[in-house]
Amino acid sequence: MDIPSKYEPQKVENRWYDYWMKHNYFHSIPDGREPYTIVIPPPNVTGILHMGHMLNNTIQDVLIRRARLQGKNACWVPGTDHASIATEAKVVAKLKEEGIHKADLSREEFLNHAWDWTHEYGGVILEQLKKLGCSCDWDRTAFTMDENMSASVIKVFVDLFNKGMIYRGYRMVNWDPQAQTTLSDEEVVYEEKQGLLYYLSYPIEGSDEKVIIATTRPETILGDTAICINPNDERYSHLKGKKAIVPICNRVIPIITDEYVDIEFGTGCLKVTPAHDVNDKALGEKHELETVDIFNADATLNSFGLHYEGKDRFVVRKEIKKELEDKGFLVKTENYINKVGTSERTKAVIEPRLSEQWFLKMEDLVKPAIEAVLETDDINFFPKKFENTYRHWMENIRDWNISRQLWWGQQIPAYYFGDGQDDFVVAESVEEALILAQGKSNNYELALSDLRQDEDVVDTWFSSWLWPMSVFNGILEPDNKEINYYYPTSDLVTAPDIIFFWVARMIIAGYEYRGEKPFENVYFTGIVRDKERRKMSKSLGNSPDALKLIENYGADGVRVGLLLSSAAGNDLLFDEDLCQQGKNFANKIWNGFRLLKGWEVADIPQPEASKLGIAWYNAKFNHTLAEIEDHFGKFRISDALMAIYKLIWDDYSSWLLEIVKPAYQQPIDRMSFEAIIGIFENNLKLLHPFMPFLTEEIWQHIAERSPNEALVVSQWPSIQKPDVGLIRQFEFAAEVIAGIRTIRKEKNIPMKESLELLVSNAEKLGRDWDAIIKKLTNVSSISYVDAAVEGALTFRVNSNEYFIPISGAVDVEAEIKKIKEELKYTKGFLQSVRKKLSNERFVNNAPDKVIAIERKKQADAEAKIETLEKSLASLN
RNA sequence: GGGCUCUUAGCUCAGCUGGUUCAGAGCACCUGCCUUACAAGCAGGGGGUCACUGGUUCGAAUCCAGUAGGGCCCA
């Protein structure tokens, strides 16, 4: 048959993915087998595949495919989340392009647009995952705004409210004026920005004196309601009890004292603006100050901004500087770098803003979640170092602001029936709300039309924290067959930057709603960076096109490239060369397969070399398999891959195939051939989780297979106890082979020219290895001698000495020099071992095992020195 | 400013509870080879005071303390 000499992934990948889908291999239903479950970290519904997704989902696919091969009931649930801020921002932008303003739409109209958008773009990323080879159970694809998912969110909200854990509060929140919504602390990114420190003078009422304050935000003076000084600051003690006049608006404000003020900072005088700064708000409450809010929702100034009304805060900053300067209030400015909070999503500068919000009390909820990770090890983090991060956050947790001033998401199920602070009820439906409201208000005339539902939606994470339960409908039907079978899930694979947003909260929700962990292990991947260690991002444009990579290197090549360099928990410095390495590997295996395919099989006796080679490989395979299992157990995915890579490239291709390969145009014996096919198939099984397409393609080429014999559902090899002695002997033989090759290379003796080998076999290596040595080095005969051979090139392996007589002059001087060098090194080594052994404290304190090892070192070195000295004597 | 973490070959990283897995891997590099499976390959080779300083120990890349320099998270 005609097989191309290069593997062509583009031609086979779609075909096998379709085949897998057609035969439903990825679909899971509960049965008697052990479940192995992963829920995908739902990507943003508007997202497209980027490097982080590729890494993350490749790892999940490796885990799930391996579990499937191990005979577990593997279930990988895919899906997306509705990402309220990001999606709403995109929809608003798109509508704007079409000349439609959100403000002109009703909630329903806007949501229709958002759903249209979701239906159009929502599936894109999931389709891309298929290109990568992800073996998700697509029948289970979920979306955080699916009907039952939303119903779960509402049910949980009502439940927590009824338990007294959700409350309304007037809080200083992180306000994103662009998205016009609140952000959690975790969604705020602090950036260093070059700004100015403005020194402003405020007149003191009834005197000519002035007081100078320093501020980074001069526009907020219009919201000032006090000046604060430190009571211990003698410079200002005479101002105590007096009043100051705010420039421009001429508001008369008290001068208060509080130790909060840092005497060293600025002038030691602080202007207090309770509506626009968290610390000032605290001061305001303590000293019962007035609160003057000068901003509109979009961060333009309101009527308190006087003649600046309607202008943006940054415009006002410039203009007010000029006005203050003109009127003589601006004393000076200094350059000042301050950390400014910005929105993770919109990049807008965050405005601290007083706002009415819904909060979830965290203090009690967090307790079982802390215990599970840090005390009982019910849940394991890989790498473990993230437990510290987790601990720090959990032990200092603050209440969760769960409301968002958006429309896209689950609308908060609170219904207002009056204007009073407490005139509301919380219920799963408006009908239930009405009954509750009638009772609460004692007004049985209340009608549905009297109820007004809260405008806000809940935070997207308030949906996704239920994900491991809600994808199995475990909230609405807590005792259904699926949730009972699949929950708790097995492994979660995610990036460390959402450890608080998501991982911690899922754990909290899991214990609250099922009394059980949501997953057993959490594997944190690294962050994908470019070669300069910069995080890959759209704005930097340093992220390669994921699909283009797959096109160029094949999905398998990209998967291998990503995994090879991603040690657990370390950031991955992505380099396209890595994908090239993956592609090369695919080609290597492909050609190994071509070699097998090209052989003619005959019923002839099995050569000794092949027999021994195969026995050795089986030992080596099992040895490596044990290593691989160990790596998987510790989530050392890249190490597992590297072990397989070396097994296939070095042990299988470079050694075994060369050992059994028949001479040109000669047939191979049937026994060896069948053994090699079996070996190759086992290799393919180990590799399948990493390179699913290539391995399935070759697997199906090897033999006609029925659908239930496909590689994707075959059986992971079980470990046999390896013959360690065989492995050690092979290593010795390999050193002999390398020795001969080195001599060929040094003396420029071509492979075609056969050599004679003589050996002084002090190590008593079995003669059965001779056949392999001869075959791989083109040695015509191996003879065993007791004394050194004159006129020969030599090399040593341990205390064995090898001689290669060659016609022509052997450089005796060079041989002597070589031996002397070896002798010198070995003697030095022996001396250090002897020193150790003659140290009484070492012998008394070191464990027996260590001493035995040292004794062996000593004996080996002594034997080697004897050999060296003998050969030296024979040369002289 | 607080917490966590890291520093090992040119690059990316292993190195578990101190002792032959102790100085390793892959890539890159150098030198030969177009040897009919594979030049996307084969064979061979060079390369590191384990950041620095001290301590504990019979013994330290590994444990402890300090110094310098990175990174992450939180304020």
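Below, all heavy atoms of this structure are taken into account, side chains as well, without hydrogens, waters or symmetry copies. A note on names: the letters A, B, ... follow the listed sequences, proteins ahead of strands, and every chain is numbered from 1.
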Base B:C38 paired with A:Lys588 side chain (donor-acceptor, <3.5 Å):
yes
Between A:Asp860 and A:Lys864, is there a salt bridge with N-O shorter than 4.0 Å?
no
For A:Glu862, is there an ion pair with A:Arg834 - N to carboxylate O distance below 4.0 angstrom?
yes
Please confirm whether the shortest side-chain N or O distance from A:Ser654 to OP1 or OP2 of B:A43 is below 4.0 Å.
yes
Polar side-chain contact A:Glu658-B:A43 base: donor and acceptor under 3.5 Å:
no
Select one nucleotide: of B:A37, B:G32, B:C4, the one nearest the side-chain heavy atoms of A:Asn388.
B:C4
Distance check: side-chain N/O of A:Asn584 vs OP1/OP2 of B:G41, anything under 4.0 Å?
yes
Tell me which nucleotide among B:C73, B:A14, B:G26 gets nearest to the side chain of A:Asp650.
B:G26
Where the side chain of A:Arg391 meets the backbone of A:Ile370, is there a donor-acceptor pair that is under 3.5 Å apart?
no
With respect to the phosphate group of B:G15, does any side-chain polar atom (N or O) of A:Arg636 fall under 4.0 Å of OP1 or OP2?
yes
Before accepting this row, confirm whether a basic side-chain N of the pair A:Lys634/A:Asp630 lies closer than 4.0 Å to the acidic partner's carboxylate O.
yes
Does B:A75 have OP1 or OP2 under 4.0 Å away from a side-chain N or O of A:Arg398?
yes
Candidates B:G45, B:A37, B:C38 - which lies nearest the side chain of A:Asn587:
B:C38
Check: A:Lys752 side chain, B:U35 base, donor-acceptor under 3.5 Å:
no
How would you label the contact of A:Met642 with the nucleic acid (heavy atoms, under 4.0 Å): base, sugar-phosphate, or nothing?
sugar-phosphate
With a cut-off of less than 4.0 Å, is there a side-chain N or O of A:Arg594 near OP1 or OP2 of B:A37?
no
Is there a side-chain polar atom (N or O) of A:Trp655 under 4.0 Å from OP1 or OP2 of B:A43?
no
